[in-house]
Structure formats: structure tokens, C-alpha cells
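Here is the structure we will look at.
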Amino acid sequence: MEKISVAEARQAAAVGREVRIQGWIRTRRDSKGGFSFLELNDGSCQGNVQVIADATLPNYEETIKHLGAGYSVTVEGLVKASPAKEQATEIAATRVELHGTADPETYPLQKKQHSFEFLRTIAHLRPRTNTFGAIARVRNCVSRSIHNFFQEQGFLYVHTPIITSSDCEGAGAMFRVSTLDPEKPPRLPADQGGKIDYKQDFFERPTYLTVSGQLQGETAACALGKIYTFGPTFRAENSNTTRHLAEFWMVEPEMAFFDLNDNMALAEAFLKRIFSDVLKDCAEDMAFFNLRIDKTVIETLQKIIAADFVRCTYTEAVDILLASGKKFEFPVSWGCDLQAEHERYLTEEKFNAPTILYDYPRTLKPFYMRVNDDGRTVRAMDILVPKVGEIIGGSQREERLDVLEQRMQEQGLDPAHYAWYVDLRRYGTVPHAGFGLGLERVVQFVTGMTNIRDVIPFPRTPGNAEF
Ligand code: ATP
Ligand code: MN
């Protein structure tokens, strides 16, 4: 007797094996012929395995005939070829053991369809549904693909801190980390302004949850060559959108001796690799998303894998938007920040393909992005995809000490506070580049799920941190 997963038990190759499978009942049907059909799922795949429990089993009347949705069981039996065409196999049970019941009066996941809004209120149970099981498997596949892609190319996986005192220059509002008593924090004397005395806080300075591991990632790249980070990232933005979380997972590669073109080529190959791995390794789940969530996801991914991404400078994009004849809510002019409506027009209507926008006005972008020879633009790039919008943001970094210091001043930053970062330009500086990819935005894009709250197990958004 071998313990196998439902995914394995569903394969024709399993026929003839005596197996043990364990999971949760989706449905039970009783046949007039004196036996019951149990649909069993264990999260290993989208499909269930059908178990045939004969009335001759010793606990048939007292237990098996009462099994219902959400009950947990161990089943032992023989895998047989199934006469039905929906499935290759079925299991003729020799033993069914009940672990836990689920009162049908209160168990929320009965057979009927639930809205995603409702399922968010039962985040602890929603992984048991088809959709959330599929999302969990795709999310796992994307994570594996990320590691495989970088590991195969000799990138080093490095770990940057979660608690930080640098703010990656306003990538987003930050969550404060403090052990001071918020009721009565220690204060500087009144003659020194009476402000909170952070010298008495745990780290003896103000600290925050990280909004990006980039600055620390650069220190690693400027010693080790090619690195990536992959970890939780926090933004206290009060933006209630379908694309923003307060806690999300970001992948940030950083490469010494890479310019912006190298960076773009890497990002494009990286996204294509993720998309093809998902199509290949999660075929059953992708078929489900294509059928139930968005009828275009598979075709869209296939098309993207086969074609080149569009590359377009910010200046060209502004010209295209101005010439479009469209009435945008936010009017466009050179120097303005592109809004979601502009990005959507470019990726969905104009190009209908992933689009790399680059060379943005220096006034729109952080101090660490390399200034172009024109003096007006920096070597920034954003990758936009239809429906989701920005999926990657990156740049070639400013490696010239004098320009970097000037940019910091320009943006009102104190170089002393970033001394360690500036040192990278003082000692053995090199051209380098990197980008950040939001894991949840990728999962959203490949699955077609419209709300980012549904592609992370426990979403953190303004007002929500229940589970
Ligand atoms: P946006 O303009 O969409 O708010 P951003 O410009 O603030 O994004 P970056 O600081 O460039 O984003 O972060 C890099 C990547 O991290 C983004 O391209 C996106 O994929 C992801 N990301 C950023 N903010 C969030 C968020 N609040 N929730 C989920 N993913 C995010
Ligand atoms: Mn943002």
C-alpha cells in the first residue's frame, strides 16, 4: 500500500496499484446499486479522483453514507481504469477512514458558486475551492520559475533586510517599525523641539518595513556580479485599487556591468520564461482559468512568448498619446506622469502587446536612475502589460559619484544618510542595472484574475488584516 496524491491517482499509469489517498470530500453520490461515489480532492491538482465505496465496506451505513463536502478522509483501494470519459481512473475502496466532519449547516463551501468577495471573508477556507487551489499552484509555479531562471544563469539569491532605515527614496509610503509606547513616546526636551526621541527606540533611529531591497541589492551586485532578491515588500499607500497590496512579494535582480538594453533583454526573457513554464507545468489549471475566468489568457500568453516586446521611449509615448485623439481624464504633456489610462491605451489599444517604456523625464524618477546625455531624461524602464498595467519597473543606475550626489541634492536627500550607498560609486564603481517585478501582478496577469487580493493567500490592504 503506497500513499500517493490525487494527481498521481488520476494518471492512467496508476491503474493496478494498491494505494492510499488522503484529502477532502467534494461530493458524495449514492447509487441505487448499493454503493457510493466520492469525489476526493487533496489540492495536488484541479481534478478530483472518484472513489467507489461499496455497501459491503464495514462502515458503509454508519459513516460512508454520511460523508459530505469538506469531510476529511483516508481512502485505501485499487486504482482501476474508469469507464467514464471524463477521467482515466477511479479507485475501488477497500477502506474509508473518516478524520473530520464538516457540518453542512455551517460549512460555507457547499457545492454552489461563491463570489470572490465572499470568499475573501473566508480566506482560511478558500484554498479548498477550485479557483484558489489553481491560484496556489500557479503562484508556486511562478515562484519556482523565478528561481530556476536566475539560478540557471548564475545569479546569486541574496537576502536583503525587511527592516530598514533607508526609504529607497519614496518608492511608496512606509510602515513604521518601533517598540516605543505609542501612548507616551519619549520626547526630546522642549527646548530641542519636543519631538519624539528615536534615540530611545529599538534601533536608535526611525525604522520602517522595506519598500524595496534595491539599494542593498546593489551592494551585492557590486561585489558578486549578478544577484536577485525575492521577498516580502511593504507599501503603506492608501490606494484601494485592484492592483495594489500593502504587503506583496517582489523579485529584484541587480546586475553589475549591465546597461539599460541588457536590463530590458533580461526582463523580457524572464517574463517569457515564466509564461511558458506556467503554460507547460500548470496546463490543467490554465485550462480552468481560460474557461472560467478569462477566455483569452492562454492565447495571450502564447502570443507574447512568440513576439518581441514593444520598446518605446517616454517621449515617443507622449507623442502617440497626443496624436491618439483620445479624451483622457488626465491630459498629457511632456513631463507628466503617465496614468493608468495612458498605459492602458498604449498596451491595449495602440500596441496590444507588452510594452517597455524607457527614458523618462528625470523629474519623475528617483535619484539613483542614470541621467542620459540629454540631461532631461533618465535610463528608467517600465514594462506594461494589457489589463494589469505596470508589471516591472527598473533602470540603469547612476554610477557616477558627482552626478549621483547632485541628483540627491536636487531631490532634497541627505547624502550622509546614504553614505554606504554612495560608497559604491566611490570605490570601484561600475555600470549596473536592475528591476523589480511584483509577484502578484504576474500571477494576476497569467490567471486573468481581476483583483490582486485574490492572488495572495492573505491579502493586506487598507482596513484588512484579519487572517
Ligand atoms: P505602481 O505605479 O503600479 O503603483 P510602482 O511604480 O510604485 O507601481 P515600483 O516601485 O516600480 O512600482 O515597484 C516595482 C514593481 O512592484 C511594480 O512594477 C509592480 O509589479 C510591483 N508593485 C509595486 N507596488 C505594488 C503594490 N502596492 N502591490 C503589488 N505590487 C506592487
Ligand atoms: Mn506606486
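For reference, positions follow the sequence shown, starting with 1.
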Exercise. Using 30° and 60° as the class limits, which term best fits the ring planes of Phe150 and Phe270: parallel, tilted or perpendicular?
Worked result: tilted

For this session: For the pair Ser5 (side chain) and Ser44 (backbone), establish whether a donor and an acceptor sit closer than 3.5 Å, ignoring hydrogens and angles.
Result: no

Exercise. For residues 263-283, which residue pairs qualify under side chain to side chain donor-acceptor pair (under 3.5 Å), counting only residues two or more places apart or in two chains?
Worked result: Ser145-Asp277, Glu152-Arg273, Glu268-Lys272, Arg273-Asp277

Could you go through residues 77-86 and list every donor-acceptor pair under 3.5 Å that involves a side-chain atom there, pairing it with any protein atom two or more places apart or in another chain?
unit_1	atom_1	unit_2	atom_2	d
Ser82	OG	Ala84	N	3.1
Ser82	OG	Gln87	NE2	3.4

Problem set entry | For Arg128, all residues meeting salt bridge (Lys or Arg N to Asp or Glu O under 4.0 Å), sequence neighbours excluded | none

Exercise. Is any NZ, NE, NH1 or NH2 atom of the basic residue among Arg137 and Glu284 found under 4.0 Å from an Asp or Glu carboxylate oxygen of the other?
Worked result: no

Exercise. How would you list all residue pairs meeting side chain to side chain donor-acceptor pair (under 3.5 Å) that involve residues 59-70, not counting sequence neighbours?
Worked result: Ser36-Tyr60

For this session: Give a yes or no on whether the backbone of Ala353 and the side-chain of Thr355 come within a donor-acceptor separation of less than 3.5 Å.
Result: yes

Exercise. Under the ring pair (Phe, Tyr, Trp, His ring centres under 6.0 Å) test, which residues partner Tyr157, sequence neighbours left out?
Worked result: His147, His159, Tyr228

Exercise. Of all residues at least two apart in sequence or in a different chain, which pass the side-chain hydrogen bond (donor to acceptor under 3.5 Å, both in side chains) check with Ser395?
Worked result: Arg397

Exercise. Quick one: ring pair (Phe, Tyr, Trp, His ring centres under 6.0 Å) partners of Phe309, sequence neighbours excluded?
Worked result: none

Problem set entry | Geometric class of the Phe328/Tyr345 ring pair [parallel <30°, tilted 30-60°, perpendicular >60°] | perpendicular

For this session: Any pair with a residue in residues 278-303 that passes ring-ring contact (aromatic ring centres under 6.0 Å, His included), sequence neighbours left out, goes on the list, sorted by first then second residue, please.
Result: none

Problem set entry | ring pair (Phe, Tyr, Trp, His ring centres under 6.0 Å) partners for Phe458, two or more places apart | none

Exercise. Do the charged groups of Arg26 and Glu39 touch, with an N to O distance under 4.0 Å?
Worked result: no

For this session: Using side chain to side chain contact (heavy atoms under 4.5 Å, CB included) as the criterion, list what pairs up with Thr241, not counting sequence neighbours.
Result: Ser239, Arg243, His244

For this session: Please round to the nearest 0.5 Å and tell me the distance separating atom CD of Gln200 and atom OG1 of Thr179.
Result: 10.5 Å

Problem set entry | Set of residues satisfying ring pair (Phe, Tyr, Trp, His ring centres under 6.0 Å) with respect to Phe175, sequence neighbours excluded | none

Problem set entry | Sequence neighbours excluded - ring-ring contact (aromatic ring centres under 6.0 Å, His included) pairs with any residue from residues 7-48 | Phe35-Phe37

